[in-house]
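Chain letters run A, B, ... following the sequence lines, proteins first and then strands; every chain starts at 1.
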Amino acid sequence: MMASSYNAKDEDGHITVSGPGGGGTLRGKKPENTAFKQQRLPAWQPILTAGTVLPAFFIIGLIFIPIGIGLYVTSNNIKEFEIDYTGVDMSSPCFNCSQNFSWNSTRPCTCTVPFYLEQPYESNVFMYYGLSNFYQNHRRYVKSRDDSQLNGNVDSLKEPSKECEPYAKHDGKPIAPCGAIANSMFNDTLELFYNDPNGTRVQIPLTNTGIAWWTDKHVKFRNPGGDSSNITASFQGTSKPVNWRKPVYELDTAADNNGFINEDFIVWMRTAALPTFRKLYRIINKTSSMVPTLPRGNYTLEVVYNYPVRSFEGRKRMILSTISWMGGKNPFLGIAYITVGSVCFFLGVVLLIIHHKCGNRSNSADISN
Amino acid sequence: MLLINRNLITLSRTVYIGHKEPPPGAEAYIPQRYPDNRIVSSKYTFWNFIPKNLFEQFRRIANFYFLVIFLVQLIIDTPTSPVTSGLPLFFVITVTAIKQGYEDWLRHKADCSINECPVDVVQQGKVVRTQSHKLRVGDIVVVREDETFPCDLILLSSSRHDGTCYVTTASLDGESSHKTYYAVPDTMAFRTEQEVDSLHATIECEQPQPDLYKFVGRINIYKDKEEPVARPLGAENMLLRGATLKNTQRIYGTVAVYTGMETKMALNYQSKSQKRSAVEKSMNAFLIVYLCILISKAVINTVLKYAWQWSPDRDEPWYNHRTENERQRHVVIRAFTDFLAFMVLFNYIIPVSMYVTVEMQKFLGSYFITWDEEMFDEELGEGAQVNTSDLNEELGQVEYVFTDKTGTLTENNMEFIECCVDGNVYIPHAICNGQILSAASSIDMIDSSPGGYRRDLFFRALCLCHTVQVKEEETVDGIKRGIHQGRPTSFYISSSPDEVALVEGMKRLGYTYLRLKDNYMEILNKDDEIERFELLHVLNFDSVRRRMSVIVRSSSGEYLLFCKGADSSIFPRVVSGKVEQVKARVEQNAVEGLRTLCVAYRRLTQSEYEEACHHLTEAKLALQDREQRLAQAYDIIERDFVLLGATAVEDRLQEKAADTIESLHKAGMKVWVLTGDKMETAAATCYASKLFRRSTQILELTKKRTEEQSLHDVLFELNRTVLRQHCRPIYNRLSVDCLDFGLIIDGATLSAILKPNQERAGTGNYREIFLEICRNCSAVLCCRMAPLQKAQIVKLIKASKEHPITLAIGDGANDVSMILEAHVGIGIMGKEGRQAARNSDYAIPKFKHLKKMLLVHGHYYYIRIAELVQYFFYKNVCFIFPQFLYQFFCGFSQQPLYDTAYLTLYNISFTSLPILLYSLVEQHVTMETLKRDPSLYRDIAKNSLLRWPVFLYWTCLGVFDAVIFFFGAYFLFDNTTFTSNGQMFGNWTFGTLVFTVLVFTVTLKLALDTHHWTWINHFVIWGSLLFYVIFSLLWGGIIWPFLNYQRMYYVFMQMLSSGPAWLSIILLITVSLLPDVIKKVLCRTMCPTATERAQV
């Protein structure tokens, strides 16, 4: 079956006839007798027969099923909580905000969404915002950015790429950061409060760093003036994106999280693959090993409602999730592994039967021939 | 008379010998324009190369397609840059142009060497040397012995006294025997240039036409103030270009009538047309299917796009506005632009690299043929040659083999094997000693005294009863060289190679025919005495009588009639002799494929002789029905024979010819022998080469038979015979027992069958009936074929309703037209010049090499290229279909799923080398198995690996895999975090994940298909996967300064740092490969093909 065979052999069809006095002089043209040129390189000649494939199937089955079970269990242990705060229903607390949205309003609309966590979240908790029906992967949208501007290139800052059109210039001044992606940056503010059973409202501390890829923050995105202290000066002569309420150099107070290297901005700039997506918003770090990060109980989500999604029938969600070594909650992977493993195992059994029946038959046929 | 003259003018040409004007008053002198004597086989000139070549290249549907895509990319705003398709296209076009230009340059060189070969022309009474292409119609040419005629000539005079010359037309019609041509009687006496130059004559002849054996014309010789003397000219006066002068010192004053491309040889060449292999045809068909898929994909997406973005909030949500320019564009233009953009996005489904890979595969792959040591012939010092690499895979698809006989199946070398006198068998052993060995066979020995006499008489008979001429020369490179002690080298020439073989055989048995001098034939007998016989009459051979006789008078005054001929025509006329023994021996020899002749004699009394003389002279002088009366006279004279014995001559088959033909038969090919030779000779060869077996029932469709019955009746009768006995096709390979038919047809009958005839339109088409008969015959022999008829036959079969793949193999110029006509033309580098090899697609030294060529190389090339084609389409479905699916999730916005670098490099580098290597070195079965078991060839017959079901399977597999890639990634990616630090991935990571699974899957799929893992395969398959990984690491590892986007920065590394990504990749690869593995295993177990059986 899977026998390695070396093909060196003497050839029956090979004749050496010496012509009358001609052979000697012409022998130079004779092709070289190398294994490659004669197509006789030593070769391993595997053949996919039931005999060789059977063990492979069983092995795959035996490996995949435990992996699948492991993944499934891990996934089940992950706690995830999701709440939609779009405000579509009349009853929803954010209904008013979603209805009364206007780009020009100066006074931010806030709404409070209460929720209850049935289980305590032990480890670090990751807070996501989710958008639905938002086509971040639309071609016109995806290409509407200028990576060299974001990388701190001063020329691009002054003269944004034409890919950014129609979000390249505003009132003759270049927009920084330019493009549709930047322009539509998610600008809701989410805050989380724990309602202690004794009545006090404790704000849960949210970390806004470590949410973007390290390489993005430190290499791909750079402020135009480098690390110079005066970030405002470096953005001189540019205009803020049309939809933004404040310019890019006022995104955060901390110098290492301001301008283009603001992590919220970087996260947004990584366009999602599918129209329904989530993006990491904040991290709730575990403070002590004794107390769960988020104990069981009532919570309030306070939203500064700036981001309109109703016009395109979008949805906004807030997600709280713990993370394991295999990421967030994803039962699909485990189930898929278990299924494929079982199918392989089953096929192995079927093949075994067929192999026994047909194998005997073809053997006998060979003998009769 | 006037009328005839006018006809002659319009339908004929008038040639003025030596360009001299006719005397006034004869006819108006209208100088006609004739082409010069240049032969052109090249396709391009220096000036038209670029436009013509570009035109021809863009006529290829694929090239044109890529050109269109490239232009579209230039014009509109597309998802990918124009460089991605422009660069490969430019590369492909340039490489092809260089290749074709080089090939044409070689042709130019070959033409040049022919056109510039020196020729002697008589001008103003002097011999002037000029170049072949400068010859003009009307020039007087001098040709010396062994020179080839530079154009079609009329023989005026020869150095021989009788005004004849001998010519071999081997390179024209394959007959190596010498033919006699005659000079015009009025001019045959010319001996010097001056004499020839003084000739004042015109030649009127028909316009050029390709029939080699037909020429009609007349010569008008003007003598001083006399009426011109007109003499008829026929084919016997016409020396054809390509033929060679033999045994005649020189011929003078031959006049060129047809020159250059108008010579009969050139007219028998067919124009070169590009041969396309069956694989290429299926490839083009698949291409059209994919083109349709592509267009429908683009149309579907465009329609869906506009349906989907009907609401303005979807079309232009607040976060994603159009530019002002775009907004103002008319919706129809926008829709059309979108359609084109989708086309560009999906255009990779028909990759330009497939054509490059196929070309490279063919070009590089053909080296294995030239490198093959087994196809190297030490004697010639040459191996196989590949003239076109376009047809490699067609070698694996051959259904009909048309082979020439002389020089292809046979060595073109007759050899005397044995003779049998009264049941005693004599075999000449060594060439020189002349010892006689009596075979210790089962034949009983008879007392020696009468046997001794009979034996000597038998040998004398063979030495006398022939028409061989002796040529003496010091050193000749001729093939037949007779050496006798103390005598100058001499060799025999005859129009029949058999006779030469017989006379030479006699020499080896001790009786040497020396010469014919003054009507006395001289024989050196084995006691070294010279015996002289007076040659009285020669009763020439003809194919109806199938015998010839001589009447001689011995030195003792006896009149002897010796006759030799086919057994069937001798035995009925024999009155005494050991008929039974000889008959037994003759039959035994015939079965062995030897050409047998029987020899008999009759002693004539003086009165009998005189009577015979009387009969003969009377018949010869008859003005009417001369042929018939001669036949009657022969019939009267040739009777009451005493049987002497029989001879056996072998037209030596080429080494392993029979084995090769048997293998071809087993491989399911039908072998036809097409020859210009006589039917008897050809049939004997067919028996010897196992084309016909003893069990084969021979059907004859010859002129002889159609003269008795009408063609119509013969055809229908044969058809009935065939159909009655027709055994149903048996899939079992052991169906040899079943009665098989062999058909023999000659040229005259064939042309009668092929002649379009309106009269019998109602009675059905002969062509169809003929084809029907042929289809049921395992072997067909066509004899007496003109070169163009050979091509006609090939064309007929090619055009029959199954459209079988044909292969023609031959060695002479007479085979060129069929070599060009057949799907695959193979030339044998034979003794008869190089025309066949030059015009062929492949040239091999010997017929036996055809076996390896077809069964091994052809088989390999076919499975290699079939996999190549199918795999290419498969991998591109896998590649593009996810992109198509992605459009449903990105608002039909033509967003590419993969990065530009991946889009460009997928076909060029990530997945190109493994399949190229596979298509070069794959051996699904070992070479030895293929040679041992020719029936494996049937497994790939009829383009079986590229049929629609197989194509559909591959496409479905591709779609399945693509769905797995995309939706696998979709569900795994959907709304979840993939990393252990909570960070999210974007669309490029999604694409990269799909792409990684894709690259690994298609490469591993090929690995599963590989049955022959050399170190190179390991290197390339694992190497290209490694290359992908390294490239991706590098591509994402740096901020590339020259790029205006950095979307791939660290994407690949981030993906690899996530556990679930690894797990998903492994899972998806496994799932994608699973169905194919299962299908393979099940097929092999349930219903294995012969090939699969042979693999274990």
Side-chain angles (χ1 to χ4, degrees), chain A residues 11 13-14 16-19 22-23 26 29-31 33 37-39 41 43-45 47-50 53 126 135 137-142 147 161 165-166 180 184 213 215 220 270-276 278-280 311-312 323 325-328 330 332-333 336-337 340 351 354-355 358, chain B residues 79 313-314 317-321 323-324 368 371-374 376 378-379 381-383 889-891 893-895 926 971-973 975-980 982-984 986-987 990 1008 1011-1014 1039 1044-1046 1049-1050 1054 1059-1060 1063-1064 1067 1070-1071 1077-1078 1080-1081 1084-1086 1095:
Chain A
E11 182 42 54
H14 188 101
T16 36
V17 186
S18 290
L26 293 159
K29 283 162 103 187
K30 184 168 175 149
N33 184 14
K37 289 191 174 179
Q38 301 307 318
Q39 305 194 60
L41 282 175
W44 173 54
Q45 287 159 320
I47 287 158
L48 285 180
T49 60
V53 169
F126 295 81
Y135 283 84
N137 57 6
H138 197 281
R139 182 161 76 96
R140 207 177 330 124
Y141 188 81
V142 170
D147 276 338
S161 151
E165 294 286 354
S184 59
W213 294 12
T215 48
K220 194 173 164 182
R270 181 154 295 280
T271 49
L274 298 165
T276 300
R278 59 167 76 162
K279 283 181 185 288
L280 186 54
S311 63
F312 51 86
I323 293 287
W325 61 271
M326 55 151 286
N330 186 7
F332 177 78
L333 193 58
Y337 259 92
V340 173
L351 279 181
I354 291 172
H355 180 54
C358 292
Chain B
D313 279 329
R314 284 217 186 114
W318 64 262
Y319 56 85
N320 193 6
H321 284 297
T323 57
E324 208 49 46
F368 284 117
W371 282 337
D372 195 329
E373 206 189 12
E374 281 172 37
F376 182 80
E378 302 265 354
E379 209 173 330
E382 271 179 281
F889 299 89
C890 70
S893 59
Q894 302 120 26
Q895 170 63 20
T926 58
F971 283 114
L972 293 167
F973 232 75
N975 246 334
T976 47
T977 314
F978 247 41
T979 53
S980 49
Q983 291 165 1
M984 295 302 291
N987 63 325
F990 181 77
L1008 284 177
H1011 294 106
H1012 191 77
W1013 285 82
T1014 62
I1039 296 278
N1044 57 359
Y1045 56 84
Q1046 308 295 341
Y1049 186 65
Y1050 254 71
Q1054 283 282 347
L1063 288 173
S1064 345
L1067 178 81
T1070 315
V1071 176
V1077 172
I1078 293 166
K1080 271 192 193 143
V1081 173
R1084 179 179 290 277
T1085 326
M1086 312 286 268
Q1095 277 173 340

How long is the gap from CZ on A:R139 to CG on B:N320, to the nearest 0.5 Å?
-> 11.0 Å
For B:P1060 and A:G327, which heavy atoms make the closest approach, and how far apart are they?
-> CG-N, 4.4 Å
What residue, out of A:P275, A:A336, A:P166, A:G328, has the most heavy-atom pairs lying under 4.5 Å from chain B?
-> A:P166
For B:T1070, is it the side chain, the backbone, both, or neither that has a heavy atom closer than 4.5 Å to a heavy atom of chain A?
-> side chain
Rounded to the nearest 0.5 Å, what's the gap from OH on A:Y141 to SG on B:C890? Could you check?
-> 14.0 Å
Roughly how far, to the nearest 0.5 Å, is OG1 of A:T271 from CZ of B:F990?
-> 12.5 Å
Contact origin within B:I1039 toward chain A - heavy atom pairs under 4.5 Å = side chain
Looking only at heavy atoms, what is the nearest atom pair of B:T323 and A:E165, with distance?
-> CG2-CB, 3.3 Å
Minimum-distance pair of heavy atoms, taken over all atoms of B:H1012 and A:L41 = NE2-O, 4.0 Å
Find the distance between NE2 (A:H138) and CG (B:N987) and round it off to the nearest 0.5 Å.
-> 13.0 Å
Greatest number of heavy atom pairs closer than 4.5 Å to chain B - which of A:V53, A:L351, A:T276, A:L274 = A:L274
Is it the backbone or the side chain of A:A272 that comes under 4.5 Å from a heavy atom of chain B, or both, or neither?
-> backbone
Between A:F312 and B:W318, what is the ring plane arrangement, given parallel below 30°, perpendicular above 60°, and tilted in between?
-> tilted
Under the salt bridge (Lys or Arg N to Asp or Glu O under 4.0 Å) rule, collect the residues that match up with A:K279, sequence neighbours excluded.
-> none
Max heavy-atom pairs within cutoff under 4.5 Å with chain B, candidates A:F126, A:W325, A:Y337, goes to A:Y337
Side-chain contact test, heavy atoms from C-beta onward, threshold under 4.5 Å: evaluate it for A:R270 versus B:M984 and give yes or no.
-> no
For each of A:A50, A:S311, A:A180, tally heavy-atom pairs with chain B at distances under 4.5 Å, and name the one with the top tally.
-> A:S311
Inter-residue atom distance B:Q895.CD - A:R140.CZ, 0.5 Å rounding | 12.0 Å
Between A:T215 and chain B, which part of the residue has a heavy atom less than 4.5 Å away: side chain, backbone, both or neither?
-> both
Against chain A, work out which of B:L1063, B:V1071, B:T976 has the most heavy-atom pairs shorter than 4.5 Å and name it.
-> B:L1063
A:L333 versus chain B, heavy atoms under 4.5 Å apart: side chain, backbone, both or neither?
-> both
